[in-house]
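Step one of this worksheet: look at the structure below.
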2 protein chains.
Amino acid sequence: METSKKRSECPLSCSLDVFGDKWSLLIIRDLIFYKKGTYNDFLKSEEGIATNILASRLKALEENGIIEKSAHPESKAKILYRLSKKGIDLLPIIVEIYIWSDKYFSMPLEIKQIIKEAKKDKDKFVKQITKELKSQ
Amino acid sequence: METSKKRSECPLSCSLDVFGDKWSLLIIRDLIFYKKGTYNDFLKSEEGIATNILASRLKALEENGIIEKSAHPESKAKILYRLSKKGIDLLPIIVEIYIWSDKYFSMPLEIKQIIKEAKKDKDKFVKQITKELKSQ
DNA sequence: TAATTTTGCTTGCATATTGCAAGTGCAAAT
DNA sequence: ATTTGCACTTGCAATATGCAAGCAAAATTA
């Protein structure tokens, strides 16, 4: 996925140009909910992203200002990927997808539980997680 | 995009298997906000979807229960595509994408105006449009 | 009534994207 | 000094996308 010229002025279309593929939101999910942050973390996710695709997605997400590279506190060999403000702001979208899923898919209980909490008070849930992410 | 077996039990991943591509949400946008309903309507959208891709997306959306074919009131030659309940329920996701876009993209004033209204009271906005769609 | 246009597709083919396996260079651990 | 871990890159096959042309049934026009 090269950083392509936008297809139209429609903000939905522009948004999909940024994260409208099968992998980007899963990487962002890993950053938000599973506290993953390194290349190998993402590689190990159960969906099994191919290594070259992961590299290209990370590059695109960085170019689009969704994530940022930073030094890993433990080792110079590691790179820590972190969500930018712009990336953290995608959380409400992901929450709505989860809530939609909850209506139409079955899923592991642990996730169902998280969604239940999110539904109870969306704004509170989003603010809570946003705060956590920013403090990292 | 064939109707592929799911990559994982993650509801986000499953959702992306349904609408996580560059075109599906644009078709749904057209159904929701532009009152489009026929094959040619979708073809004419400014993003310029290819005819074979449109056909494959409509088929997939139908197989996933997001849209339904119905008889067109004006003509037997025409087919009216309509959102199912499951499809209408995607509206909160699209609204959140719009709201995110509003923060990070510039866009036509008319759309900015719609988003402004959506932000004022999300629930009201969603309910209003849902009602309209169901009454069609 | 016959010819033309509209509608919703399908088909063929070139190009682009994805997926898989193997390899590379640097850092860190043994 | 050697092996392992990490973040990639490369090559190539498989799949998906984009573009142009074609096609059958219905609707319109002549």
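A, B, ... follow the sequence lines: proteins, then strands. Residue 1 opens every chain.
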inquiry  = From CG of B/Leu58 over to P of D/dT17, roughly how many Å is that when rounded to an integer?
reply    = 14 Å
message = Using whole Å, what does the distance between atom C1' of nucleotide C/dC26 and atom CD1 of A/Ile79 come to?
response = 11 Å
ask   = Would you find a donor on one side and an acceptor on the other, under 3.5 Å apart, between the side chain of A/Ser15 and the backbone of B/Ser101?
value = no
ask   = Which residue pairs pass the ring-ring contact (aromatic ring centres under 6.0 Å, His included) test with at least one member in residues 102-136 of chain B, sequence neighbours excluded?
value = B/Trp100-B/Tyr104, B/Trp100-B/Phe105
request  = For the pair A/Ser56 (side chain) and A/Ile53 (backbone), establish whether a donor and an acceptor sit closer than 3.5 Å, ignoring hydrogens and angles.
outcome  = yes
note = In whole angstroms, the gap separating P of C/dT5 from CG of B/Asn40 amounts to 16 Å
query = For A/Trp23 and B/His72, take the nucleotide of DNA chain C holding the closest heavy atom to each; which residue's nucleotide lies nearer the 5' end?
reply = B/His72
inquiry  = Please classify the nucleic acid contact of B/Lys69 as base, sugar-phosphate, or nothing, using heavy-atom distances under 4.0 Å.
reply    = sugar-phosphate
For atom CG of A/Leu80 and atom P of D/dC8, their distance in whole Å = 12 Å
query = Within this structure, what is the CZ-to-C1' distance between A/Arg57 and D/dA7, rounded to whole angstrom?
reply = 17 Å
query = When the distance from NZ of B/Lys78 to P of D/dA24 is rounded to whole Å, what number comes out?
reply = 23 Å
note = Atom OH of A/Tyr39 and atom C1' of C/dT24 are separated, to the nearest Å, by 13 Å
key: Test item: side-chain donor near acceptor, B/Ser45 and B/Lys36, under 3.5 Å   = yes
ask   = Can you check the B/Ile27 CD1 to C/dC9 P distance for me, whole Å?
value = 12 Å
Compile the donor-acceptor pairs under 3.5 Å between side chains in residues 110-117 of chain B and protein atoms, sequence neighbours left out, one pair per line.
from     : atom 1 : to       : atom 2 : distance (Å)
B/Lys112 : NZ     : B/Asp102 : OD1    : 2.9

key: Between the first and last five pairs of the helix from C/dT1-D/dA30 to C/dT30-D/dA1, the angle of the axes, rounded to 10 degrees   = 10°
query = So does A/Glu46 pair up with B/Arg7, basic N to acidic O under 4.0 Å?
reply = no
key: B/Asp41 side chain to B/Thr38 backbone, donor-acceptor under 3.5 Å   = yes
remark   = Ordered by number, residues from residues 42-55 of chain B within less than 4.0 Å of DNA chain C (heavy atoms) are B/Thr51, B/Asn52, B/Ala55
Pairing residues for A/Ser70 by the side-chain contact (heavy atoms from CB on, under 4.5 Å) criterion, not counting sequence neighbours = A/Leu80, A/Arg82
task = Drop me the distance from B/Leu83's CG to B/Ile67's CD1, to the nearest 0.5 angstrom.
result = 7.5 Å
Protein-nucleic acid N or O pairs under 3.5 Å, nucleotides 28-30 of chain C:
from   : atom 1 : to      : atom 2 : distance (Å)
C/dA28 : OP1    : A/Lys76 : N      : 3.0

inquiry  = Under a plain distance cut-off of 3.5 Å, with no hydrogens placed, do A/Glu47 and B/Ser8 share a side-chain donor-acceptor pair?
reply    = yes
message = Assess, by modelled atom type and distance only, whether the side chains of B/Thr51 and B/Tyr39 contain a donor and an acceptor separated by less than 3.5 Å.
response = yes
